[in-house]
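All of these numbers come straight from a predicted model, not from anything done at the bench. One-based numbering along the sequence shown.
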Amino acid sequence: MAEFIRARSAEQKEQRLDQIKDAVRRQFATRPYHEITLTTIADELGWSRANLYKYVCTKEEVFLLLTADELDAYFDALLAALPEGCGLAPDVIAEVWAGIANAHQEYFRLGDLLSTIIETNVSVERLADFKRAYYDRVADMRERLPQIIDMAPERVEPLLLAIYYHAVGFVSACWKNPLVAEALETIGHERPQLDFRAEMRDFIGMCLAHYAR
């Protein structure tokens with residue numbers, strides 16, 4: 001087992017958390033959520049579980065941190081691609097937004113676990129930090145979208161939620177779960193070929209039309 005050196009500064013603690021998140025990202029890319037445990041995380045890092053507990057108490061805390069990172073990346077991409085005064089037509093906005101959603105499918109894949117699993121086993125302090133960050137990004141979009149499309153600010157959050165929950169549901173259908181593939185093969189049913197980006201483009205376009213003034 002690699003030598004473990006406990007973090008002494010805030011910067012070192014952040015580095016340890018980054019190591020933990022990177023280990024979980026690698027595992028989540030190749031195995032289902034239920035197969036990832038604090039033991040598998042510690043083993044990949046070459047740490048003991050006791051050392052891992054110095055930074056997180058549950059695996060859900062790690063997944064909440066991952067979701068926060070993905071949330072920031074998703075909204076940063078939206079704000080960069082839809083700058084103030086860009087003058088894009090709604091159909092172009094839908095195309096751009098769908099491309100960003102497609103590039104950030106991990107955010108929506110984590111969202112499939114967020115409310116039912118991740119948020120049920122974390123500290124209230126970590127959850128409050130996550131919710132604060134989320135609503136800060138909603139506020140950014142509430143300010144930005146009415147500047148580029150004829151939409152009342154109070155309609156922005158329902159729009160974001162509609163797109164988010166559709167993407168969460170659809171990314172699950174697109175994700176190649178080997179157990180599902182085996183079950184479908186057993187019953188002789190061919191898995192449908194789904195295009196996440198095209199589906200999101202059409203849905204976002206519909207939502208923009210619905211939530212605009």
Measure across [X] and [Y] and return the closest heavy-atom pair with its distance rounded to 0.1 Å.
X: P146; Y: M141; result: CD-O, 3.9 Å
X: Y55; Y: R126; result: O-NH2, 2.9 Å
X: A133; Y: L71; result: O-CD2, 4.4 Å
X: P90; Y: L208; result: O-CD1, 3.5 Å
X: A81; Y: I100; result: CB-CD1, 3.5 Å
X: L38; Y: T58; result: CD2-C, 3.9 Å

May I have the step-by-step check of side chain to side chain contact (heavy atoms under 4.5 Å, CB included) for T39 and L52, ending in yes or no? CA-CA 9 Å; T39 298; L52 186 58; over 6 Å; no
Mark yes or no for whether [X], through its side chain, and [Y], through its backbone, hold a donor-acceptor pair below 3.5 Å.
X: Q27; Y: T40; value: yes
X: R144; Y: L79; value: yes
X: K59; Y: Y33; value: yes
X: H210; Y: M206; value: no

Could you go step by step and tell me if E119 and K131 meet the salt bridge (Lys or Arg N to Asp or Glu O under 4.0 Å) rule? CA-CA 10 Å; E119 292 184 343; K131 294 297 186 183; 2.9 Å; yes
Between [X] and [Y], is any pair of side-chain heavy atoms under 4.5 Å apart?
X: F28; Y: L113; result: yes
X: E44; Y: V24; result: no
X: V171; Y: D112; result: no
X: L88; Y: I148; result: no
X: F75; Y: D140; result: no
X: R16; Y: W47; result: yes
X: L45; Y: Q19; result: yes

Rounded distance (nearest 0.5 Å) linking atom [atom1] of [X] with atom [atom2] of [Y]:
X: I117; Y: L64; atom1: CD1; atom2: CG; answer: 13.0 Å
X: Y74; Y: E106; atom1: OH; atom2: CD; answer: 15.0 Å
X: T30; Y: E35; atom1: OG1; atom2: CD; answer: 9.0 Å
X: E70; Y: R109; atom1: CD; atom2: CZ; answer: 11.0 Å
X: L65; Y: E61; atom1: CG; atom2: CD; answer: 7.5 Å
X: L160; Y: L145; atom1: CG; atom2: CG; answer: 6.5 Å

Test side chain to side chain contact (heavy atoms under 4.5 Å, CB included) on R137 and D76; report intermediate values, then the result. CA-CA 9 Å; R137 305 323 295 264; D76 283 346; 2.6 Å; yes
In the single-linkage hydrophobic clustering (I, L, V, M, F, W, Y; side-chain heavy atoms under 4.5 Å), do Y211 and Y165 co-cluster? yes
Can you tell me how the ring of Y107 sits relative to the ring of Y164, calling it parallel under 30°, perpendicular over 60° and tilted otherwise? tilted
Which of these passes side chain to side chain contact (heavy atoms under 4.5 Å, CB included) with F170: F203, F196, F108? F196
Counting only heavy atoms from other residues, nucleotides and ligands, does the tally under 6.0 Å from [atom1] of [X] exceed 12?
X: E185; atom1: CD; value: no
X: E154; atom1: CD; value: yes
X: Q15; atom1: CD; value: yes

